[in-house]
There are 2 protein chains.
Amino acid sequence: MAAVDQLSRVFSALADPTRRDMVARLTVADATVNELAEPYDVSVQAVSKHLRVLEDAGLVSRRRDAQRRPVHLEVEVFDLMTTWIERYRRRAEERYRRLDALLESLPDEPEGDIE
Amino acid sequence: MAAVDQLSRVFSALADPTRRDMVARLTVADATVNELAEPYDVSVQAVSKHLRVLEDAGLVSRRRDAQRRPVHLEVEVFDLMTTWIERYRRRAEERYRRLDALLESLPDEPEGDIE
DNA sequence: TTCGTGTTCAACCAAATGGTTGACGACAGG
DNA sequence: CCTGTCGTCAACCATTTGGTTGAACACGAA
């Protein structure tokens with residue numbers, strides 16, 4: 001398979017509105033492929049493919065229950081994203097704080113180039 | 001343009017490791033296209049395309065400074081993702097709480113698998 | 001064993017994606 | 001004005017993506 005990191009797969013999986021909707025519905029309850037497919041105007045096979053993408057991203061897992069393959073959401077994977085996001089959000093905010101402090105510490109400026 | 005919602009564009013933009021790295025670097029300081037391109041083993045044009053994707057997602061904006069086009073990160077857009085993520089994380093956790101409560105309210109089980 | 005239901009596999013297709021190279025537009029500095 | 005630098009536009013190409021249909025597999029029930 002592709003040599004792509006999980007974070008990329010997670011973001012990529014959630015970039016599709018149908019998949020995002022499926023994830024949203026799975027927060028309420030586990031569901032079978034047919035149940036998941038029902039609201040959408042696409043074939044069951046297409047939904048099956050979407051589920052494979054979600055599974056490759058680690059966002060869902062599947063049990064076997066007779067012919068059924070109930071799909072279960074693995075919410076912990078959300079942390080992968082929030083960790084990344086918060087890390088850089090923090091970094092950006094830190095930067096703004098420093099910038100504000102700098103501006104405040106300056107008297108009024110002509111054309112100062114400071115390093 | 002594509003009739004795709006912003007959240008999809010944001011997730012999609014961050015699904016690419018190069019773009020994620022560019023965003024990471026932009027948390028430290030604004031940068032020009034050439035500066036951004038320097039560490040990667042691709043053409044400047046390719047980086048320019050990546051920036052367009054990030055811009056369409058609302059993740060960056062560009063000023064004009066003579067020939068330069070300094071790129072600036074718009075961190076607020078992160079909120080779009082965290083809002084979505086936290087909403088469904090909460091929903092999933094809520095569900096587990098209810099499930100736990102239900103199990104606890106039951107008398108002892110025939111096929112109890114407890115660890 | 002045969003049938004029906006749920007799901008996946010395989011082949012195919014159109015559109016999108018990420019890369020390339022080459023030419024061009026915008027601008028500062030001789 | 002000419003020149004060099006920064007960046008984008010255009011055309012092209014290979015790969016991936018999201019969809020289709022038809023066949024096959026897995027399993028419970030009859």
Side-chain angles (χ1 to χ4, degrees), chain A residues 1-23 25-26 29-57 59-73 111 113, chain B residues 1-23 25-26 29-57 59-73:
Chain A
M1 287 286 148
V4 180
D5 60 298
Q6 190 180 8
L7 188 51
S8 293
R9 285 195 300 258
V10 173
F11 276 126
S12 181
L14 294 180
D16 184 285
T18 302
R19 280 190 303 253
R20 229 158 42 233
D21 191 62
M22 292 197 282
V23 167
R25 292 168 57 210
L26 286 168
D30 292 0
T32 68
V33 179
N34 274 298
E35 285 165 2
L36 282 170
E38 195 271 322
Y40 313 120
D41 194 23
V42 297
S43 65
V44 181
Q45 290 95 321
V47 171
S48 186
K49 279 194 184 183
H50 280 308
L51 284 171
R52 192 141 146 63
V53 174
L54 291 172
E55 193 174 32
D56 287 349
L59 279 162
V60 306
S61 60
R62 280 127 126 183
R63 288 200 327 281
R64 175 163 275 294
D65 168 29
Q67 315 85 341
R68 318 274 170 89
R69 307 271 284 130
V71 180
H72 174 75
L73 184 66
E111 279 297 297
D113 40 345
Chain B
M1 292 281 151
V4 179
D5 59 297
Q6 191 180 8
L7 188 51
S8 293
R9 285 196 300 259
V10 173
F11 277 126
S12 181
L14 294 180
D16 184 285
T18 302
R19 277 187 308 251
R20 229 158 42 232
D21 190 63
M22 292 197 284
V23 167
R25 292 169 56 209
L26 287 168
D30 292 2
T32 67
V33 178
N34 275 297
E35 285 165 1
L36 282 170
E38 195 270 323
Y40 313 121
D41 194 23
V42 297
S43 65
V44 181
Q45 289 94 324
V47 172
S48 186
K49 278 194 184 183
H50 280 307
L51 284 171
R52 192 140 148 64
V53 173
L54 290 172
E55 193 173 32
D56 286 349
L59 278 162
V60 306
S61 61
R62 278 126 127 184
R63 290 201 325 281
R64 173 163 276 293
D65 168 28
Q67 314 89 336
R68 318 277 168 86
R69 306 273 282 130
V71 179
H72 175 77
L73 184 66

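From a predicted model like this one, the values you see are computed outputs, not experimental measurements.
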* Nearest-angstrom distance from the residue atom CG of A/Leu14 to P of D/dG18 -> 12 Å
* To do: Run the numbers on B/Val42 and B/Thr18 for side chain to side chain contact (heavy atoms under 4.5 Å, CB included), then give the verdict.
  => CA-CA 10 Å; B/Val42 297; B/Thr18 302; 5.8 Å; no
* Distance check: side-chain N/O of B/Asn34 vs OP1/OP2 of D/dG7, anything under 4.0 Å? -> yes
* Asked: Please give, in whole Å, the distance from D/dT8 C1' to B/Arg52 CZ?
  -> 10 Å
* To do: Just do the side chain to side chain contact (heavy atoms under 4.5 Å, CB included) check on B/Glu38 and B/Asn34 with the steps written out, would you?
  => CA-CA 6 Å; B/Glu38 195 270 323; B/Asn34 275 297; over 6 Å; no
* Structure fact -> Atom CZ of B/Arg68 and atom P of D/dT5 are separated, to the nearest Å, by 12 Å
* Asked: Looking at A/Arg64, does any N or O in its side chain come under 4.0 Å of the phosphate oxygens OP1/OP2 on D/dC27?
  -> yes
* **Nucleotide nearest A/Gln45 (side chain, heavy atoms from C-beta), chosen from D/dT20, D/dT8, D/dG7** => D/dT20
* Just by distance, do the side chain of A/Arg19 and the backbone of A/Ala13 share a donor-acceptor pair under 3.5 Å? -> yes
* Is atom CZ of B/Arg62 surrounded by more than 12 heavy atoms (other residues, nucleotides or ligands) closer than 6.0 Å? -> yes
* Asked: Quick check: does any side chain N or O of B/Arg69 sit under 3.5 Å from a backbone N or O of B/Val33, one acting as donor and the other as acceptor?
  -> no
Pairs under 3.5 angstrom, nitrogen or oxygen only, protein versus nucleotides 16-19 of chain C, please.
residue, atom, partner, partner atom, Å
C/dG18, OP1, B/Arg19, NH2, 3.1
C/dG18, OP2, B/Arg19, NH1, 3.1
C/dG19, OP2, B/His50, NE2, 2.3
C/dG19, N7, B/Lys49, NZ, 3.0
C/dG19, O6, B/Lys49, NZ, 2.3

* **Trace of the side chain to side chain contact (heavy atoms under 4.5 Å, CB included) decision for B/Arg20 with A/Leu7** => CA-CA 10 Å; B/Arg20 229 158 42 232; A/Leu7 188 51; 3.8 Å; yes
* Asked: Between D/dT5 atom P and B/Asp65 atom CG, what is the distance in whole Å?
  -> 18 Å
* Take atom CG of A/Asp56 and atom P of D/dG18, then tell me their distance rounded to the nearest Å. => 12 Å
* Asked: Within less than 4.0 Å of OP1 or OP2 of C/dG6, is there a side-chain N or O belonging to A/Thr32?
  -> no
* To do: Name all residues meeting the side chain to side chain donor-acceptor pair (under 3.5 Å) criterion together with A/Asp30; count only those two or more places apart in sequence or in a different chain, and write none if there are none.
  => A/His72, B/Arg95
* To do: Return yes if some donor-acceptor pair links the side-chain N/O of B/Thr32 with the main-chain N/O of B/Pro70 below 3.5 Å, else return no.
  => no
* Asked: Within this structure, what is the CD-to-C1' distance between A/Glu35 and C/dG6, rounded to whole angstrom?
  -> 11 Å
* In terms of side-chain heavy atoms of B/Val33, which of C/dT8, C/dC27, D/dT8 is nearest? -> D/dT8
* Name the one of A/Leu54, A/Val60, A/Asp16 that satisfies side chain to side chain contact (heavy atoms under 4.5 Å, CB included) with A/Met22? -> A/Leu54
* Provide, to the nearest angstrom, the distance between the CG atom belonging to B/Leu54 and the P atom belonging to D/dT8. => 12 Å
* Give a yes/no on whether any side-chain N or O of B/Arg62 is located under 4.0 angstrom from OP1 or OP2 of D/dT8. => yes
* Nearest-Å distance, CG (B/Leu36) to P (D/dT8)? -> 11 Å
Could you write out each protein N or O paired with an N or O of nucleotides 28-30 of chain D at a distance under 3.5 Å?
residue, atom, partner, partner atom, Å
D/dG28, O4', A/Gln67, NE2, 3.3

